[in-house]
Every structure is written in structure tokens, then in C-alpha cells.
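Chain letters run A, B, ... following the sequence lines, proteins first and then strands; every chain starts at 1.
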Amino acid sequence: MDSFSSPSIGSGSSNMSTSDLMDQLKTQLAQAYAQEFLETVRGKCFDKCITKPSSSLSGSESSCISRCVDRYIEATGIVSRALFNAPH
Amino acid sequence: MDPSALNSAEMQRLLNQEKEKAMVNEMLAKLTSECWDKCISSAPGSKFSSSESACLSNCAQRYMDMSLIIMKRFQSMH
């Protein structure tokens, strides 16, 4: 599944300005990042919260998943600040 | 067809900017993933413990330290 493919880039480029092309690129990049992020979160939270899959999702599994999503977003923020604020 | 918008120097500059942003984004995603695996051993709670958040922060910084060592070592082999 290619998040970058779009029929509109190329076929309409004769009438698109630089900023239109860049807007389209940035939108598609943002969508691709979001997809990748979701995929990662799915993997991590499945590992941590669904240790023994049963015939349905329990209440504790569901709340674990919610917390997991929040924590992973928080972890991204912590790592981001450590990378970009650290005085080296 | 007029491809001048795609070929312009301006476009190249903007594309290079986006390339750099994409690389930074990828580094952040990869590092978060690795540090999560190293630092979050139990099921996630409603907040991080102070040791968990310290671990995440340390993890990122030690990774960058390591990166520097690797580069220097690699360069010294020429």
C-alpha cells in the first residue's frame, strides 16, 4: 500500500505552481507519517496489552490499550525533547 | 506540458527541506520505538514512573553519544 501514490501529481503539474505541488507533497507526507505511527503503536500495544488473546477483548485489555496509546505519544515527546534540547 | 515548476531551483530547495524533515522524523520514530522497548517493561500505566521517563530521556541521549563514537571510530579507519 503506497501512501505516496496519487494520480494528481504529474497529470496536473502543467497547471500547478510550486506551492501547490509542495502543499500536496506535505499533505501526503503527513498522511504517510500518521499511517506509520499508527502501525507502530498497534504493534507496541498489542505486545504489551494482549498477552493471551481470548475470545473477546476484556475491559482491562481495552483500558491498557488506551493508556498505551497515551503513553506512546508521551514517549515520543520525551524522546523528541531529549534529542532537540540536549546541550551537547 | 510545462515542467518548469518541478525543475526550478526553488522547488529543489523546498524538496531538500522536506527530505531533511523526513529524515529527522524517521530518526525520532525509530528512537522512540527502540527506547520504548528498552524502558517500558510492564504494561503501560496512567502515567510514566519517574524512572521510566528518565530512562526514555537517557536512552535518546545515549543513542546520540553512541552515534558520535561510531562516526569517529569509522572516520579514524581511513
Minimum heavy-atom distance between [X] and [Y], given as atom pair plus value:
{"X": "A:Arg67", "Y": "B:Gly45", "answer": "CD-C, 3.4 Å"}
{"X": "A:Val79", "Y": "B:Cys35", "answer": "CG2-CB, 4.4 Å"}
{"X": "A:Leu83", "Y": "B:Leu31", "answer": "CD2-CD2, 3.4 Å"}
{"X": "B:Thr32", "Y": "A:Ala75", "answer": "CG2-C, 4.1 Å"}

Taking everything shown except B:Glu18 itself, do over 12 heavy atoms lie less than 6.0 Å from its CD?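 More than 12 within 6.0 Å, yes.
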
Counting heavy atoms not belonging to A:Glu36, are there more than 12 under 6.0 Å from its CD?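 It does not: A:Glu36 CD has 12 such atoms or fewer within range.
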
For A:Glu74, which residues count as a salt bridge (Lys or Arg N to Asp or Glu O under 4.0 Å) partner, sequence neighbours excluded?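 Salt bridge (Lys or Arg N to Asp or Glu O under 4.0 Å) check on A:Glu74 returns A:Arg71.
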
Choice from B:Ala60, B:Ser46, B:Ser57 maximising heavy atom contacts with chain A below 4.5 Å: B:Ser46

Chain A contacts, top residue of B:Asn25, B:Leu56, B:Leu68 (heavy-atom pairs, under 4.5 Å):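 Top option by heavy-atom pairs under 4.5 Å: B:Asn25.
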
Please report the interatomic distance [atom1]([X]) to [atom2]([Y]), rounded to the nearest 0.5 Å.
{"X": "A:Leu25", "Y": "B:Met11", "atom1": "CG", "atom2": "CE", "result": "7.5 Å"}
{"X": "B:Cys59", "Y": "A:Ile78", "atom1": "SG", "atom2": "CD1", "result": "11.0 Å"}
{"X": "B:Ser33", "Y": "A:Lys44", "atom1": "OG", "atom2": "NZ", "result": "3.0 Å"}
{"X": "A:Asn85", "Y": "B:Gln61", "atom1": "CG", "atom2": "CD", "result": "9.5 Å"}
{"X": "A:Ser80", "Y": "B:Met27", "atom1": "OG", "atom2": "CE", "result": "12.0 Å"}

Counting a contact as any heavy-atom pair under 4.5 Å apart, which residues of residues 36-43 of chain B contact chain A? B:Trp36, B:Asp37, B:Ile40, B:Ser41, B:Ser42, B:Ala43

For the hydrophobic clusters of this structure (ILVMFWY residues joined by side-chain heavy atoms under 4.5 Å, transitively), does one cluster hold both [X] and [Y]?
{"X": "B:Val24", "Y": "B:Met66", "result": "yes"}
{"X": "B:Met64", "Y": "B:Ile70", "result": "yes"}
{"X": "B:Phe48", "Y": "A:Val69", "result": "yes"}
{"X": "B:Leu14", "Y": "A:Leu29", "result": "yes"}

Hey, are the side chains of A:Met22 and B:Leu15 touching, using non-hydrogen atoms and a 4.5 Å cut-off?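 A:Met22 vs B:Leu15: side chains touch.
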
Heavy-atom contact with chain B under 4.5 Å, split by part of A:Cys49: side chain

What part of A:Tyr72 lies closer than 4.5 angstrom to a heavy atom of chain B: side chain, backbone, both or neither?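 For A:Tyr72, heavy atoms of backbone and side chain both lie under 4.5 Å from chain B.
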
